[in-house]
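Structure first, then comments.
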Amino acid sequence: MSSVLSTAPTGLAALPPGARQLLRDSCLIDGRWQAALDGRTFAVDDPATGATIGRVPLMGAAEADAAVAAAGRAQQLWARRTAKDRAAVLDRWAAALRERRADLAAILTLEQGKPLAEASAEIEYAASFLTFFAAEAPRITGEIIPGHRPDARIMVLRQAAGVAACITPWNFPAAMVTRKAAPALAAGCTVVLKPAEQTPLTALAVAALGELSGLPAGTLNVITGDAPAIGRVWCDHPAVRVLSFTGSTEVGKLLAERGARTVKRLSLELGGNAAFLVFADADLDAAVEGAVLSKFRHSGQTCVCTNRFLVEDSVAEEFTARFAERIATLRVGNGFHEGTDVGPLIDDDAVAKVTGHLSDAVGRGAALLAGGETEPGSRFVTPALVGGVTADMRVMTEETFGPLAAVARFGSEQEALALANNTRSGLAGYLWTRDLARSWRVSEGLEVGMVGVNTGFLSVETAPFGGVKESGLGREGSRHGIEEFLDLKYLCLGGIG
Ligand code: ADP
């Protein structure tokens, strides 16, 4: 198995001194860094080596409840501050993230595995949500509607919804924290947040910088621990008004069901099964570059990563051959090693899923054209390509979430759309064509929340991120992202005029 040779330090030794200062082994509740009530902790691993790199509190229902109580106490005071005041705190937090970018990126790579350059890009992406929503805070305006009687006027306020509970995934340990917390705090909500158990250190470091930037006690509470126990408390607690979750469709559905008992507002970013359509008139070189970006960025572990490559018959062979050549140039290695393109997968289950999808496809007649190698106990899998894929294979029906590209063919635009839409997910889709009319038709026909036309990259703080069908509810980022945390209140004024 190929891997980048380097003598660069890894593990805790790879952390710059500044990064060590940002490591936390306790959680933030009500402005105080605290251990679990019963003192229990759990280990955090470096996915590249499997070595333990730290321990964080194993909190549960009691701490989840205490966090909501703190957020509830802080909320009115925070919401009553001027929008400009709230924005100033978020701006300082963004500046702190940018100033400590190298330190945060190192923590992120250490616990998550992605190449350091990608981790560094994620820290900037995380800061961008703070900057964007700081600017959005003073734009939370209302409406005046002509009265239904001569002496009446109707006014609409947009007010903070209350306490927002946020549950974040391991694939973007920094950016998913700010993508939720920034609009919530800008709106005047307070936050209780639980990061994924695989990547708590980045979230705690980001929270520590938020505290240093002037977030008042209780406005941002971050706890780590028993996900189902914490999730149950936050779903059931009447003071939690918004539940914002990014993760698997399975857990999203559980939270939606449980949250319905207290009629929570839900913002759900769930799994995808993105199709990448290459038409015969596409710029194939650009399409191959887009394919590499959308499939192998972060080892294929993003919810907008392409899962299914669908290529028009007449160019399928050429596209696949060029894609295979390009894949062979990708270097697999530790995220701290310079030149690494593809880091480790997050855990053993992730490796098992990729190898399971690969053997299922090959077992049903697909051709293995590149990669797919791994070693027992290793979380590294070389970027893989399979051709001759058919609709019944697991690579087509399930989200692989790893570095395995599967190519199937289509004969017509209608067939391409039918194949692409043959899934209960609807997060992202991509298409490559030089035909303007087709780019509109296909974009409009794809049952997804986001479409990349001649691009393999979609994630930016200024655009609404989210899905349709079973990929979720609501949008994050853009001016729409703040709506998840605002309630409309209408005032009917009588006796006027
Ligand atoms: P993945 O399979 O990608 O790890 P999950 O949906 O399991 O995705 O995890 C996403 C987030 O949801 C993580 O923070 C995880 O701890 C949390 N989580 C997992 N199960 C539950 C649950 N039953 N209730 C609340 N949160 C959960």
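Remember, it's 1-based here, ligands and their atoms both numbered in the order they're listed.
- Neither side chain, K469 nor S471, offers a donor N or O lying under 3.5 Å from an acceptor on the other.
- At least one heavy atom of F245 sits closer than 4.0 Å to an atom of ligand 1.
- Ring-plane geometry between F323 and F296 is classed as tilted, the angle between the planes lying from 30 to 60 degrees on a 0 to 90 degree scale.
- A cation-pi arrangement, defined by a distance under 6.0 Å to the six-membered ring centre and an angle within 45 degrees of its axis, is absent between R308 and F276.
- Remark: K114 is positioned above the aromatic ring of F172, its terminal NZ or CZ atom under 6.0 angstrom from the ring centre and at most 45 degrees off the axis.
- Some N or O of S248 is nearer than 3.5 Å to an N or O of ligand 1, by distance alone.
- Distances from ligand 1 to the non-hydrogen atoms of G252 include no value under 4.0 Å.
- At a heavy-atom cutoff of 4.0 Å, ligand 1 is contacted by no atom of N171, backbone or side chain.
- Not close to ligand 1: I346, with no non-hydrogen atom less than 4.0 angstrom away.
- Residue-level proximity to ligand 1 for F401 is absent, since no heavy atom of it falls below 4.0 angstrom.
- In summary, the side chains of E470 and S425 do not present any donor paired with an acceptor at a separation below 3.5 Å, with no hydrogens or angles considered.
- There is no protein heavy atom closer than 4.0 angstrom to atom 9 (O) of ligand 1.
- With hydrogens and angles left out, the side-chain atoms of S213 and R92 include no donor and acceptor closer than 3.5 Å.
- Defined by atom type and a distance below 3.5 Å, a donor-acceptor pair is missing between the side-chain atoms of E484 and S244.
- Considering backbone and side-chain atoms together, Q198 places no N or O closer than 3.5 Å to any N or O of ligand 1.
- Proximity to G231 (heavy-atom distance under 4.0 Å) selects the following atoms of ligand 1: 25 (C).
- Counted within 6.0 Å of CZ on R364, heavy atoms from surrounding residues, nucleotides or ligands total more than 12; the atom is thus considered enclosed.
- With hydrogens left out, the protein atom closest to atom 21 (C) of ligand 1 is V251 CG1, 3.5 Å, a heavy atom.
- Summary of contacts: the protein heavy atom closest to atom 15 (C) of ligand 1 is E197 OE1, 3.5 Å.
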